[in-house]
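Take a look at the structure below.
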Amino acid sequence: MAKQVTTETIRKFYETGKKITMLTCYDYSTGKMLDASGIDCVLVGDSLAMVALGYDTTHKIGIDEMKIFTQAVARGVHRAFTIVDMPFMSYHTSIEDAAKNAGELIRCGAKAVKIEGGNDFIISVVKHLTNIGIPVVAHLGFTPQFMHALGGYKIQGKNFDKTMRILEQAKELEKAGAFMLVLEMVPSEAAEFITKNINIPTIGIGAGVNTSGQVLVIDDILGKYSNFTPKFARKYADICTTTESAIKNYINDVENSTFPCEDEIFKLEKDESEKLNDHSYTYNK
Ligand code: KIV
């Protein structure tokens with residue numbers, strides 16, 4: 001098996017300038033493909049609430065569901081570094097709750113947890129999780145769990161003062177022990193400025209090219225989530241069209257009795273088959 005990616009490997013990538021690659025993942029078979037393709041990190045993002053479960057926001061998923069999806073991904077991913085989102089309200093009630101829930105995700109196969117925001121309470125959570133040996137990825141800029149407070153899907157850090165506020169929070173999160181920072185939907189100049197002024201890798205999503213790495217939602221790059229595609233998501237495949245076309249071909253084959261064919265069925269031995277044929281004359285319906 002290829003060498004496992006660890007926090008140390010990620011640090012080395014950051015120090016040598018190798019871009020860190022990350023995609024979201026929600027299931028076993030996709031996890032296997034991501035691992036085989038050579039991705040550095042997989043993120044069991046709470047975006048799964050929307051793209052895999054059909055909810056309208058990420059608020060609607062809880063720790064129990066995140067545990068199930070984490071276990072599925074962990075069964076398929078053995079080389080890449082698996083990060084799991086702590087869902088809404090799983091780290092906000094107390095540091096004890098945060099530790100308990102983060103610990104359960106680690107038991108399910110997470111190597112690190114990701115938490116959103118940078119206020120004083122979040123910083124104390126990051127400090128505690130780091131102290132008990134749970135690596136933490138921070139998340140600033142647009143933070144979907146704060147969507148209602150932010151007034152919807154809005155670009156963050158849109159001027160000098162707001163960029164400086166994100167930078168201050170990033171520095172505090174770094175000091176508290178966060179080993180990596182996701183920057184979502186911030187202007188590219190702001191992301192570059194923040195990246196240059198902290199000492200941990202930044203992973204951008206809608207944050208331009210000058211971050212230490214990039215993350216996207218896998219359903220977006222595969223063209224699988226058709227509700228909407230954000231401006232920053234590049235589509236590398238069109239799974240929706242491919243899948244719909246395959247399903248239509250299947251329906252057509254079933255309706256025309258061209259599926260299954262001889263190669264796709266099990267057969268009785270000839271003499272057993274003949275017995276059935278003989279019996280059919282005497283069997284009384
Ligand atoms: O939930 C998620 O998929 C995320 C990424 C978009 C960064 O947090």
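What you see is a predicted model; the values in this text were computed from it and never measured. Note that these values count all heavy atoms, side chains included, but never hydrogens, waters or copies made by symmetry. Just so you know, ligand 1 is whichever comes first in the structure, and atom 1 is the first atom listed for that ligand.
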One thing to verify: whether [Y] and [X] come together as a salt bridge, which I'm taking to mean a side-chain N less than 4.0 angstrom from a carboxylate O.
{"X": "K60", "Y": "D56", "result": "yes"}
{"X": "E104", "Y": "K100", "result": "yes"}
{"X": "E272", "Y": "K275", "result": "yes"}
{"X": "R11", "Y": "E8", "result": "no"}
{"X": "D220", "Y": "R234", "result": "no"}

Exercise. Closest non-hydrogen protein atom to atom 5 (C) of ligand 1, residue and atom name please, with distance?
Worked result: L43 CD2, 3.7 Å

Exercise. What protein heavy atom is closest to atom 3 (O) of ligand 1, reported as residue, atom name and distance in Å?
Worked result: S47 OG, 2.5 Å

Problem set entry | V186, V182, L183 screened by side chain to side chain contact (heavy atoms under 4.5 Å, CB included) with I205, the one that passes | V182

As an exercise, identify every atom of ligand 1 less than 4.0 angstrom from a heavy atom of [X].
{"X": "T24", "answer": "3 (O)"}
{"X": "H139", "answer": "8 (O)"}
{"X": "I205", "answer": "6 (C)"}
{"X": "D46", "answer": "1 (O)"}
{"X": "G45", "answer": "1 (O), 2 (C), 3 (O)"}

Exercise. Do P144 and D46 come within less than 4.5 Å of each other through their side chains, counting heavy atoms only?
Worked result: no

For [X] and ligand 1, does the shortest N/O to N/O distance drop below 3.5 Å?
{"X": "E184", "answer": "no"}
{"X": "K114", "answer": "yes"}
{"X": "Y26", "answer": "no"}

Exercise. What class does the angle between the rings of F179 and F81 fall in, given that below 30° is parallel, 30 to 60° is tilted and above 60° is perpendicular?
Worked result: perpendicular

Exercise. For ligand 1, which part of I203 has a heavy atom less than 4.0 Å away: the side chain, the backbone, both, or neither?
Worked result: neither

Problem set entry | Region of D85 engaging ligand 1 - heavy atom pairs below 4.0 Å | side chain

